[in-house]
Amino acid sequence: VIYGASVFRECCFFMLRKDFRMLKLEYLFENYELAREALSLWEHDEDNLEEMLGYFRISSNAVYPFTREGRVCFLRLAPVGEKAETDVRGELEFIRYLLKEGYPALRPVRSLSGEDMVVADTGFGRYFACVFEKVDGVEISEAGYGREVMYAYGRALGRLHALSSGYVPAVRKRRHKEILEWIRRTLEEYGGCREAFTELAAVERELGRLPVTTENYGLVHYDFEPDNVFWDEGKKECSVIDFDDGIYCWYGLDLEQVRDSLAEELEGEQLEKAWRDFQEGYACEYAYPEEMRELLPLMRRFVDLRSYAGLIRCISSVTEEEPQWLEELRGKLNGKIERLEEGFSETCPAAE
């Protein structure tokens with residue numbers, strides 16, 4: 001995540017620990033003129049706008065904070081070539097469904113024309129533009145990993161899956177099969193390694209053997225990590241943001257993403273306890289059978305393939321006279337790519 005140029009070096013390396021669905025490197029530059037042009041489509045406060053925009057964030061989208069009648073909101077921008085429009089519209093439809101069911105998700109803000117999402121024709125190209133209100137509370141990572149917080153964290157994901165299991169969309173986001181096909185096309189276009197193709201074939205075969213039911217398969221969040229879930233001490237509940245990457249897949253994918261993110265922060269007995277408390281909270285809201293637990297390693301392989309494809313696509317972008325921070329980031333991303341390739345060789349030794 002990039003939080004303004006002044007703290008970029010501290011934050012860009014945090015991205016290396018996460019699953020990557022970044023924009024191409026050419027889009028990782030702040031563009032205040034673009035943000036102002038897009039914000040003209042929404043009500044916003046002008047008096048503090050320059051200061052607020054300075055706390056921008058860029059990863060899989062460009063996000064610029066601002067205030068609207070004194071309340072903090074976030075403008076989210078993505079070039080139309082970087083996203084599927086059905087994914088964006090499907091995300092917003094799912095969020096509206098969750099809010100209607102009383103789920104504490106972030107709330108979209110309608111534009112002056114009454115739309116949740118605007119395809120904005122700007123002086124810098126066409127962009128998908130959305131605005132969301134800031135949720136209350138603090139990130140799980142800041143709240144700590146005590147039992148009360150972790151149990152509520154698990155309940156939030158369990159309830160999300162329970163609601164997803166009964167959700168019938170008008171605009172459907174992509175399924176795992178479409179993601180697999182996107183991975184294949186990306187590997188072919190951007191020169192994925194031989195081991196990645198072998199791993200893709202193996203994962204595709206194993207996923208093809210899995211049962212697909214309304215109980216184990218639905219619209220997953222995909223990024224239910226501690227920095228996207230906020231603990232509200234007063235309400236004793238969690239609010240959830242960033243549904244952007246959601247796809248139709250097995251619910252075990254979200255559980256694996258949580259487990260993996262906790263392992264980045266905790267270790268030993270502390271990790272085991274936090275994960276146990278999370279699972280107990282999840283099972284309080286939704287069934288967590290052994291079959292789902294057994295899926296977690298396969299879900300990790302699927303996520304790693306998607307990350308790898310996104311990374312090789314991301315670094316394909318080259319800008320003239322790249323600043324030092326971008327050269328450093330490119331080097332770190334190449335290191336991540338190499339580690340993923342080593343992992344593919346380990347899971348598919350026959351590829352060697």
Side-chain angles (χ1 to χ4, degrees), residues 1 11 14-19 94-95 98-99 101-107 132-167 215-246 249-300 303:
V1 182
C11 297
F14 171 73
M15 293 187 294
L16 300 173
R17 295 159 41 203
K18 297 172 65 66
D19 172 43
F94 185 54
I95 290 173
L98 293 175
L99 291 170
E101 295 295 324
Y103 188 81
L106 79 172
R107 187 173 297 275
F132 301 94
E133 291 184 356
K134 179 183 181 295
V135 300
D136 295 328
V138 298
E139 294 179 7
I140 292 292
S141 53
E142 296 181 20
Y145 299 94
R147 175 170 173 77
E148 183 179 43
V149 175
M150 294 306 300
Y151 189 83
Y153 184 20
R155 288 194 67 176
L157 183 58
R159 188 174 176 214
L160 179 65
H161 289 171
L163 290 170
S164 179
S165 68
Y167 175 56
E215 288 76 27
N216 70 5
Y217 188 99
L219 184 51
V220 301
H221 185 281
Y222 202 97
D223 199 11
F224 207 83
E225 299 181 2
D227 57 327
N228 285 328
V229 183
F230 288 68
W231 167 248
D232 188 321
E233 178 67 29
K235 296 179 181 178
K236 302 294 183 183
E237 71 173 11
C238 294
S239 297
V240 184
I241 68 170
D242 201 3
F243 290 78
D244 179 43
D245 291 313
C249 196
W250 288 269
Y251 295 130
L253 186 150
D254 276 341
L255 288 152
E256 168 55 23
Q257 289 285 69
V258 171
R259 187 207 61 77
D260 186 67
S261 63
L262 291 177
E264 293 282 356
E265 300 290 336
L266 309 172
E267 58 183 14
E269 185 176 338
Q270 188 181 16
L271 172 60
E272 291 180 8
K273 184 179 185 306
W275 179 231
R276 183 169 59 250
D277 292 341
F278 179 91
Q279 292 176 96
E280 288 181 12
Y282 181 91
C284 177
E285 294 287 345
Y286 200 63
Y288 187 29
E290 183 61 30
E291 292 80 6
M292 188 182 292
R293 290 181 175 87
E294 293 174 350
L295 281 182
L296 269 56
L298 180 56
M299 295 297 102
R300 172 51 42 197
V303 167

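Along the sequence shown, residues carry numbers from 1.
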Check whether any side-chain heavy atom of [X] sits under 4.5 Å from a side-chain heavy atom of [Y], and report yes or no.
| X | Y | result |
| --- | --- | --- |
| W250 | L298 | no |
| F243 | L160 | yes |
| C238 | I140 | yes |
| K273 | M150 | no |
| Y222 | V303 | yes |

Shortest non-hydrogen contact from [X] to [Y]?
| X | Y | result |
| --- | --- | --- |
| A105 | L99 | O-CD2, 3.4 Å |
| L253 | C249 | CD1-SG, 3.8 Å |
| V138 | A143 | CG2-CB, 3.9 Å |
| S165 | Y286 | CB-OH, 3.5 Å |
| L219 | G246 | CD1-C, 3.9 Å |

Straight-line distance of [X] [atom1] to [Y] [atom2], nearest 0.5 Å:
| X | Y | atom1 | atom2 | value |
| --- | --- | --- | --- | --- |
| F278 | L255 | CZ | CG | 5.5 Å |
| E256 | L295 | CD | CG | 10.5 Å |
| E133 | R107 | CD | CZ | 6.5 Å |
| M292 | M299 | CE | CE | 10.5 Å |
| D254 | R259 | CG | CZ | 13.5 Å |
| E148 | E233 | CD | CD | 6.0 Å |

*Verdict with reasoning, I241 to F132, per side chain to side chain contact (heavy atoms under 4.5 Å, CB included)*: CA-CA 9 Å; I241 68 170; F132 301 94; over 6 Å; no
*Candidates W275, F230, F224, W231 - the one meeting ring-ring contact (aromatic ring centres under 6.0 Å, His included) with Y153*: F224
*Going by the salt bridge (charged side-chain N to carboxylate O under 4.0 Å, His left out) test, which pairs reach into residues 285-297, not counting sequence neighbours?*
R155-E285
*Can we say E101 and R159 salt-bridge, meaning some charged N sits less than 4.0 Å from an Asp/Glu carboxylate O?*
no
Counting N and O atoms only, with roles assigned by atom type, does the side chain of [X] sit under 3.5 Å from a partner on the main chain of [Y], one being a donor and the other an acceptor?
| X | Y | value |
| --- | --- | --- |
| N228 | D223 | yes |
| S141 | D227 | no |
| Y103 | I95 | no |
| S261 | Q257 | yes |
| D136 | D232 | no |

*Measure the acute angle between the ring planes of Y251 and H161, then classify it against the limits of 30° and 60° as parallel, tilted or perpendicular.*
parallel
_Tell me if the NZ atom of K236 is crowded by more than 12 foreign heavy atoms within 6.0 Å._
yes
